[in-house]
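Quick notes on the structure that follows.
Please read these numbers as outputs of a predicted model, since none were measured by experiment.
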Number of protein chains: 2
Amino acid sequence: MTRASSRRPGPPTRTERGIPEATVARLPVYLRALTALSDSGIATASSEDLATAAGVNSAKLRKDLSYLGSYGTRGVGYDVEYLRYQIAREIGVTQDWAVVIVGIGNLGHALANYSGFGTRGFRIVALLDADPNLIGERIGDMEVRDFAELEDIVKADRVSIGVITTPAGPAQGVCDRLVAAGVTSILNFAPVVLSVPTGVDIRKVDLSIELQILAYHEQRKSGEAALPQVPELPAMNGLTDLPSVGGGVGA
Amino acid sequence: MTRASSRRPGPPTRTERGIPEATVARLPVYLRALTALSDSGIATASSEDLATAAGVNSAKLRKDLSYLGSYGTRGVGYDVEYLRYQIAREIGVTQDWAVVIVGIGNLGHALANYSGFGTRGFRIVALLDADPNLIGERIGDMEVRDFAELEDIVKADRVSIGVITTPAGPAQGVCDRLVAAGVTSILNFAPVVLSVPTGVDIRKVDLSIELQILAYHEQRKSGEAALPQVPELPAMNGLTDLPSVGGGVGA
DNA sequence: TAGATTGTTAATCGATTAACAATC
DNA sequence: TAGATTGTTAATCGATTAACAATC
C-alpha cells in the first residue's frame, strides 16, 4: 500500500491520516456503551467506567478518544450525552444511511427483520432478490423487490451501503452490480472473497471463520475435556467449501 | 496481559507462543481458498496464486504458512490437497466440534438452517430457547429444546462451543450458564459486551458495528454523491441501543 | 544449468500500554 | 488546596512488507 508522501515519525496525526483503523473499529463499541450508560441514567463517566462498559482498558480508551478531540474534563470524566453525540457525529450516524439488502434467504430474512438495523444510523430502503418466488413477499413492513430494480433504487434513495446475503456463487456478480450502480460500501456475508475497485470499502462477516478461530484455540486448551468428537454417523458434511446462505439472486 | 517470562527480541516463535493471532484469523481464509482451488481441479498453487484467491499479498501468506512448517516446494509451489489438510489439522477442524445455538429468534433460525455450519468442522447438536412457544418447533432435521436441558446436552455431547443469538438482555445470563455447564468457547451475536472467566474464549459478531465502520469511511469519501440522507419521515428509529435479535431465552 | 518460487530476515509500520504532567 | 482524572508521551509490542538467499 502506498502511503502519503512525507511522514515524519511518530503516531498518526488526525489531519494527515484520519483516525487509526483500530480506533475506528472501537468507536461504535464506545457509542453503544455510552448509550447503555445513558439509558441507566448516568450523566458522567470516567474513562475507567467507560472502558469497563466497553470491555477495553482505560488507557486505550483515552488514547482513542484523544483522536476525536478533548471532550473530557480532568478530575471529572466525560459527559455521557455530549461524548455520545461527538462519537456519533465522528462515525457519521447522526443522520441515516440508506441500505439495500441483496439475497433474501434465511440470513437476508433475519437481517430484514432485525430491528437493530433500524436503530439510528441506518435505514433499509429495499430488500432485493432475483428469485421470482421471493419477489413480492412481505417481510415486516417491506416487500421483496426485483434485483433488476437495483439501479433505480440506488439512484432514487441515494443508497451508498449494500449488504450481500446471497450464496457464494452469485456474490461477485451482485457486488459488481452494486458498485456499478454507485454503492461505495459493502457488507458481505457470502463466504467468498469479493474484489472491488479502489474507493469502494468492503467488510466481511463470516460465521464459519469465526467458529474456526474459536476451534483453533479450543484445540490448544490442554487435553481431555475439550477434545472434538469424531462423528458417530457417516459424515453428512462434505469436504466442500461453505455452501449457500441466503436466497437465489442470480443463481 | 502478562507475557511468558523470558522473551528474547524478534518475532514470536511457534513453540513459545503458538501462531500469532493475526495469522490464526487468516488460516480459515486460506483453507477456504484451497478448497475452492481444489474444487476447480487445481493440484498445485504458488503463494501468489493462493494469496490472490485469499485476498492477501503473497509475502504475508508465505510468512503465515511458515508458522505451520515448510509445506511448499521451492520453484514449484504448494500441493493444494496436502496444504489444505495441514491447515485443517492446525486449526483443528479435521474432526467435528459440537455446537449449541441458544436463542432461536430470526437469527438463530437462520443459523440453524445454515448449511455452512454443517460443513466440515462443526456439528450443531442442539437448538435451545427458554420460550415455551418455540420449544418443540422443528427446524430442518432438528427440534428446538428447552434451555433448561443445557447442562445435560453439554455433558452428553461434549459441547465446547456455544453460539448466543439471544437479545442483549439475557445474553450475559446465558453466557454464564454456558460457562458453568463447561462450554469454553463462545460466539456472541448479541449486541452486548459479555464477560467470561479466564480460559474461556469469546468472539463477537456485530452487524451494526460493521455498518458503522463502513459509515465512518463513507462519510469521509469526498462530498456530494455519498452524503447520508436526513430521514423524510418522522424517525421511527429510536436513539436507544441496538434492540434484540433472536428469541426469548430468559427474557 | 536456468528459471521459478519458497522460507526467512530485517526494516518498517501501526497498535497497545504504563506512566505522569497538566489541570479540573 | 488536595484529590481525581484527563490527555499525551514514550516505550514496547505485534504485524506487515520487501527483499533475497536457499533450493527445487
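Between the CD atom of B:E21 and the P atom of D:dC13 there is a distance of 18 Å, given to the nearest Å. If you measure from atom CG of B:D64 to atom P of D:dA15, you get 10 Å, rounded to the nearest angstrom. B:R26 has its CZ atom 15 Å from the P atom of D:dG14, to the nearest Å. As rounded to whole Å, 16 Å separates atom P of D:dG14 from atom CD1 of B:I19. One interatomic measurement links the two molecules: NZ of A:K60 to C1' of C:dA18, which rounds to 14 Å at whole-angstrom precision.
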List, with names and distances, any nitrogen or oxygen atoms from the protein found under 3.5 Å away from nitrogen or oxygen atoms belonging to nucleotides 6-8 of chain D.
| from | atom 1 | to | atom 2 | distance (Å) |
| --- | --- | --- | --- | --- |
| D:dT6 | OP1 | A:S47 | N | 2.4 |
| D:dT6 | OP2 | A:S47 | OG | 2.5 |
| D:dT6 | O2 | A:R74 | NH1 | 3.1 |
| D:dG7 | OP1 | A:Y71 | N | 3.3 |
| D:dG7 | OP1 | A:G72 | N | 2.9 |
| D:dG7 | OP1 | A:G72 | O | 3.3 |
| D:dG7 | OP2 | A:Y78 | OH | 2.7 |
| D:dG7 | O4' | A:R74 | NH2 | 3.1 |
| D:dG7 | N7 | A:R62 | NE | 3.0 |
| D:dG7 | O6 | A:R62 | NE | 3.2 |
| D:dG7 | O6 | A:R62 | NH2 | 3.1 |

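Base-pairing analysis of DNA chain D finds the following stems of at least three consecutive Watson-Crick or G-U pairs, with both pairing distances under 3.5 Å: C:3-24 with D:3-24.
A donor-acceptor distance shorter than 3.5 angstrom exists from the side chain of A:K221 to the backbone of B:G199, with no hydrogens or angles considered. In this structure, B:T165 contributes its side chain and B:G103 its backbone to a donor-acceptor pair below 3.5 Å.
Residues A:D79 and A:R84 are not paired through a salt bridge, judged by the lack of any N-O separation under 4.0 Å between the basic side chain and the carboxylate.
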A:V163/A:N188 under side chain to side chain contact (heavy atoms under 4.5 Å, CB included): CA gap, chis, key distance, verdict = CA-CA 6 Å; A:V163 177; A:N188 177 34; over 6 Å; no
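Using modelled atom types and a 3.5 Å distance limit, the side chains of A:R32 and B:S208 yield a donor-acceptor pair. Looking at B:S47 and B:R62, their side chains do bring a donor and an acceptor atom within 3.5 Å of each other. There is a side-chain donor-acceptor pair under 3.5 Å between B:T23 and B:D64.
By the ring-ring contact (aromatic ring centres under 6.0 Å, His included) test, B:Y82 is found to be paired with B:Y71, residues two or more places apart in sequence or in another chain being considered.
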